[in-house]
2 protein chains.
Amino acid sequence: MGKAAHTTRRRILDAAEKLFAEKGFHGVSVREIARAADVDVALVNYHCGRKNDLFETVFLRRAEVLNRERLAMLNACRERAAPDPPELEDIIDAFTHPLLTRSARGGAGWRRYFALVAQVNNSPELAPIGMTRYFDPLVQQFIAAIREALPDARDEDIYWSYHFLSGALTLTFAQTGRIDKLSGGVCRSSDLASVHERLVPYTAAGFRRLCKPDKD
Amino acid sequence: MGKAAHTTRRRILDAAEKLFAEKGFHGVSVREIARAADVDVALVNYHCGRKNDLFETVFLRRAEVLNRERLAMLNACRERAAPDPPELEDIIDAFTHPLLTRSARGGAGWRRYFALVAQVNNSPELAPIGMTRYFDPLVQQFIAAIREALPDARDEDIYWSYHFLSGALTLTFAQTGRIDKLSGGVCRSSDLASVHERLVPYTAAGFRRLCKPDKD
DNA sequence: GTCTATAGCTTGATAGAC
DNA sequence: GTCTATCAAGCTATAGAC
């Protein structure tokens, strides 16, 4: 694979990422992607296979990078706390920090990628493939860490708490601008620093309330 | 409009609701909807206009019912507490209870409708139309009630807290089955009673933690 | 209200020349 | 690796018969 091929392929993946994030898998045609990448239609097939493969490649490309970063952060906070289990807040931070930082400062490609993840997470058609396959193995490791941090919690409460965190996090990534209008400009979808500052205490408080041992 | 027309139109709307919820706006063709409704393609246009109009009709149909119910519950809990402001937990319950009850016990149509809302809420293409237009006027009334319940909170914290609640709630409605696999069967996407029991305390704890007056 | 027929496009995918 | 050309299929939307 020569250098030209490599950048052509990249241009296709970048264009696909952008358009899939904006309009969803079915909302975009291969021709539209080719046009946005300034590349001939036939080259999309040549470099990235069929539309389905293209989508999976786009989805997987950055998932691997992210999962490595998040796992490294989890292990770091485990070591810092050892031999005690890590604090819940630190675990949640290890889970969300790499994402919010990339979305805020990683450039437009990353921002769009997260908007795509948000749609996939809420799609009955795509979530069972995309999220379960590419993210849940990592999530299991975080669940295990939370179990250590909250030793009296029941599994059901931990899983549901994670579920709520996942929903809050991915809606943030969707960057729909809804909160901008709702708040009359007080909050901005793009202000991920404000989100990060709030999401960790918000969800940690939720976890603790649900997982209190004296609950029932 | 005769009786036959009325039920034909209903069959079309029901079929559209189901398919839009499963595969999104672009993932479904008008022909597919006609086939599912057991109706001629031309009748879809005759009764429901173009595809865009059909989508908006489906989206609006149940939004109106829901918003009436939620507003009635909010006013009821306001009156119960008067002259004091209502409790935060009661406000959140008024916001979520009608939805979770309809989704759990309203039948398949309602369940599918909520899955559709989940996708719209996370779509940069559709959220600015669907959510902002049809739901945010009601949300403003809930925000106002929360402002009274937490008089020392800053607006930013209230809006972001609402945003997290919205994400957690709509991901629940998406019914993707992701949590079923993740939890190895301990939790089920369809078990909305378990969600309702947990979502109110979880999000209320988050609100309170973020909106503490001694925060900064 | 319902159906047949069709106009006029766009779609995903590839075969074959260079 | 790239582009031209093309296919068969599907699409939205409507006109017109009944």
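Only a predicted model underlies this, so the values are computations on that prediction, with no experimental measurement involved.
In terms of phosphate contacts, B/T8 brings a side-chain nitrogen or oxygen within less than 4.0 Å of OP1 or OP2 of C/dT2. For the pair A/H47 and D/dT2, the criterion of a side-chain N or O lying under 4.0 Å from OP1 or OP2 is met.
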Each nucleotide of nucleotides 4-18 of chain C classed B (base within 4.0 Å of a protein heavy atom), S (only sugar-phosphate) or -, in 5' to 3' order, makes B------BBBB----

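Between the P atom of D/dT2 and the CG atom of A/D38 lies a distance of 12 Å, rounded to the nearest Å. A/R10 has its CZ atom 17 Å from the P atom of D/dG1, to the nearest Å.
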Please list every donor-acceptor pair under 3.5 Å in which a side-chain atom of residues 19-26 of chain A meets a protein atom from a residue at least two apart or in another chain.
| residue | atom | partner | partner atom | Å |
| --- | --- | --- | --- | --- |
| A/E22 | OE2 | A/K18 | NZ | 3.2 |
| A/K23 | NZ | A/E32 | OE2 | 2.7 |
| A/H26 | NE2 | A/E125 | OE1 | 3.2 |
| A/H26 | NE2 | A/E125 | OE2 | 3.1 |

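Judged as a salt bridge (Lys or Arg N to Asp or Glu O under 4.0 Å), and not counting sequence neighbours, the contacts of A/R188 are A/D191. Residues passing the salt bridge (Lys or Arg N to Asp or Glu O under 4.0 Å) test with B/R102 are B/E69, sequence neighbours excluded. Residues passing the salt bridge (Lys or Arg N to Asp or Glu O under 4.0 Å) test with A/R62, sequence neighbours excluded: A/E17.
Taking the six-membered ring wherever Trp is involved, the centroid distance between the rings of B/F164 and B/Y159 does not fall below 6.0 Å.
Identified under the salt bridge (charged side-chain N to carboxylate O under 4.0 Å, His left out) test for residues 126-139 of chain A, with sequence neighbours left out: A/E56-A/R133, A/D136-B/R178.
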